[in-house]
Amino acid sequence: MKKIDVAVLGATGTVGQKFIVLLQNHPYFEVKELVASERSAGKPYAAACSWKQNIPIPRNVAGLTVKSTEEILNSRILFSGLDSSVAGSAEEKYASEGHLVISNSSNHRMDRHVPLVIPEVNPDHLELIYRQQYDGAIVTNPNCSTIFLVMAIAPLYREFGVEAVNVTTLQAISGAGYPGVPSLDILGNVVPYIGSEEEKVETEPLKILGALSGDHIEPVSIKISAQCTRVPVYDGHTETLSIKLKSRAGLADVRRVLENFSGLPQELKLPSAPERPILVRTEEDRPQPRFDRDHGHGMSITVGRIRPCNVLDFKFLILSHNTVRGAAGASILNAEYLKAEGYF
Ligand SMILES: NC(=O)c1ccc[n+]([C@@H]2O[C@H](COP(=O)([O-])OP(=O)(O)OC[C@H]3O[C@@H](n4cnc5c(N)ncnc54)[C@H](OP(=O)(O)O)[C@@H]3O)[C@@H](O)[C@H]2O)c1
């Protein structure tokens, strides 16, 4: 099969670099163009970027000249890890020019006609792209703290209904991009504030779990309260959460429903789809970022310590790789699903 040419926007950043790693030898896509800021434009990728991945820069991209957002792109599919200061206007421009922009940035996630998609949860929302006024389209994936929260509550929502969720995040440093949080602020410390993060975690799930209704999504009404913190972990976000269900359920039911969660990416055997989207651990000291972030090549999330809660119904911990399932891997899975279902 001839591979499809793609571009990576924000290619020099944390998410952009993860795209480069995950798209290396991808069966459908081949990276042909790279975009970053004026600081990087005109330079070979290897010179423009401060490479922080644990494999060498793939040879097919190391010598590509980085383009600015002003330059014309030839690739139909654009994976975006652009900084949010520029993603809003740049992604609109590219979509107007006919490109399909598959984005990690928050700018368009809550737009009426832009789907906010986790293919295991709400692939039907992709129909919204036909309501967009662009010649191309914009498709988004959730914030890195939202995506695995929704993956954990979606099966419970479907089976029992969910009334309320109280969640505290312990977010890895790589989630802040490069160079991110100064070392003197984060080493030996916990930072109890991440700008705009709590709003995202409290609102994005309502759209993702909502129902497609004509040209928009009718959000669900679940009360979500989030407290977001940054912790000195390199990769892998953890969340502790308590949940109130609408109907009665036992501990074994909750565990069974989470363990059995699966979706269309698994049925279609998409290249980035983990065999099991949710792994449930029974040890009392798991999940932990160092040991659990890489399951399913970073695309499985891990749930542990499921137990009754004295305030709501149940409490447990969840963990996910923030730059894979929480960012680049999520976008690539969206693209694989779009291709498998004939959207392009
Ligand atoms: N890190 C995560 O875990 C994560 C997870 C989910 C979503 N996100 C979202 O993904 C996006 C990228 O995050 P990141 O962590 O990869 O950030 P990052 O490491 O700071 O990278 C930002 C990228 O945007 C480029 N950029 C900055 N200003 C630009 C401009 N004016 N024009 C064109 N390109 C510009 C940078 O290019 P230069 O190198 O040339 O400056 C770099 O390639 C953000 O919107 C973020 O919210 C991140």
Side-chain angles (χ1 to χ4, degrees), residues 7-22 31 33-53 61 64-71 73 78-94 101-110 116-118 138-150 169-181 194-197 199-201 204 228 230-231 233-238 289 293 298 319-334:
V8 176
L9 315 178
T12 49
T14 303
V15 174
Q17 292 185 22
K18 194 56 90 178
F19 272 126
I20 303 293
V21 170
L22 297 178
V31 177
E33 293 173 296
L34 304 171
V35 174
S37 77
E38 294 291 348
R39 292 179 288 278
S40 308
K43 297 180 186 163
Y45 183 63
C49 124
S50 174
W51 183 254
K52 300 292 173 199
Q53 307 300 309
V61 298
L64 290 179
T65 300
V66 177
K67 296 185 174 182
S68 77
T69 51
E70 300 305 316
E71 291 173 68
L73 297 179
L78 315 183
F79 289 106
S80 174
L82 281 173
D83 188 78
S84 57
S85 62
V86 67
S89 54
E91 291 176 356
E92 276 176 27
K93 179 190 83 106
Y94 288 124
V101 182
I102 303 183
S103 175
N104 274 280
S105 302
S106 58
N107 307 58
H108 294 292
R109 284 186 195 137
M110 300 306 285
L116 177 57
V117 174
I118 307 170
I138 300 175
V139 169
T140 60
N141 50 262
N143 173 276
C144 48
S145 298
T146 304
I147 192 161
F148 67 122
L149 175 66
V150 175
T169 72
L170 299 95
Q171 299 182 217
I173 313 167
S174 59
Y178 185 77
V181 189
I194 303 173
S196 306
E197 196 79 351
E199 294 81 349
K200 291 175 192 163
V201 177
E204 290 178 10
C228 295
R230 185 80 66 197
V231 297
V233 165
Y234 184 72
D235 273 330
H237 286 358
T238 304
R293 64 189 165 213
L319 184 139
S320 140
H321 198 304
N322 54 295
T323 61
V324 183
R325 179 56 99 157
S331 287
I332 293 171
L333 190 60
N334 277 348

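Whatever order the structure lists ligands and atoms in, that order sets their numbers, starting from 1.
Inclusion of S105 in the set of residues having an N or O under 3.5 Å from an N or O of ligand 1 is warranted. The N/O atoms of G13, backbone and side chain alike, include one that comes under 3.5 Å of an N/O atom in ligand 1. Ligand 1 has no nitrogen or oxygen under 3.5 angstrom from a nitrogen or oxygen of V35.
The distance from ligand 1 to the heavy atoms of A36 drops below 4.0 Å at these ligand atoms: 33 (C), 34 (N), 37 (O), 40 (O). When each atom of ligand 1 is checked for a heavy atom of A11 under 4.0 Å away, the hits are 43 (O). Of all the atoms in ligand 1, the ones that sit under 4.0 Å from a non-hydrogen atom of S40 are 38 (P), 39 (O), 40 (O). Here is the list of ligand 1 atoms found below 4.0 Å of a heavy atom in T323: 3 (O). Those atoms of ligand 1 that come under 4.0 Å of a heavy atom in S84, given as number and element, are 45 (O). Remark: ligand 1 atoms within the under-4.0 Å shell around heavy atoms of A327 are 5 (C), 6 (C). Residue contact check: T12 has heavy atoms under 4.0 Å from atoms 36 (C), 37 (O), 38 (P), 39 (O), 40 (O), 42 (C), 43 (O) of ligand 1.
Nearest heavy atoms, P289 versus L319: N-CD1, 3.2 Å. Pairing each heavy atom of V201 with each of C228, the nearest pair is CG2-SG, 4.2 Å.
Residue contacts with ligand 1 include G81, since one or more of its heavy atoms lies under 4.0 Å from the ligand. At least one heavy atom of S174 sits closer than 4.0 Å to an atom of ligand 1.
What sits closest to atom 15 (O) of ligand 1 on the protein, heavy atoms only, is G177 CA, 3.0 Å. G326 O, 3.4 Å is the protein heavy atom nearest to atom 6 (C) of ligand 1. For atom 20 (O) of ligand 1, the closest heavy atom belonging to the protein is Y178 O, 3.8 Å. The closest protein non-hydrogen atom to atom 48 (C) of ligand 1 is V15 CG2, 3.4 Å. Closest to atom 28 (N) of ligand 1 among all protein heavy atoms lies R39 NH2, 3.8 Å. In terms of protein heavy atoms, atom 35 (C) of ligand 1 is closest to S37 CB, 3.6 Å. Of all protein heavy atoms, the one closest to atom 25 (C) of ligand 1 is G10 CA, 4.2 Å. Regarding atom 24 (O) of ligand 1, its nearest protein heavy-atom neighbour is D83 N, 3.2 Å.
When atom types are taken as modelled, the side chain of N104 and the backbone of G81 share no donor-acceptor pair closer than 3.5 angstrom. Within the 3.5 Å criterion, the main-chain N or O of E204 finds no donor-acceptor partner in the side chain of R109. Checked by atom type and distance alone, the side chain of T12 never pairs as donor or acceptor with a backbone atom of A36 at under 3.5 Å.
If you look at S68 next to ligand 1, there are no close heavy atoms at all, none under 4.0 Å.
Of the candidates N322, N104, L82, T146, L82 brings a heavy atom nearest to atom 11 (C) of ligand 1.
Ring geometry for H237 against F148 counts as tilted: the plane angle lies between 30° and 60°, on a 0 to 90° scale.
Per-atom contact check: atom 46 (C) of ligand 1 does not touch the protein, criterion being a heavy-atom distance below 4.0 Å.
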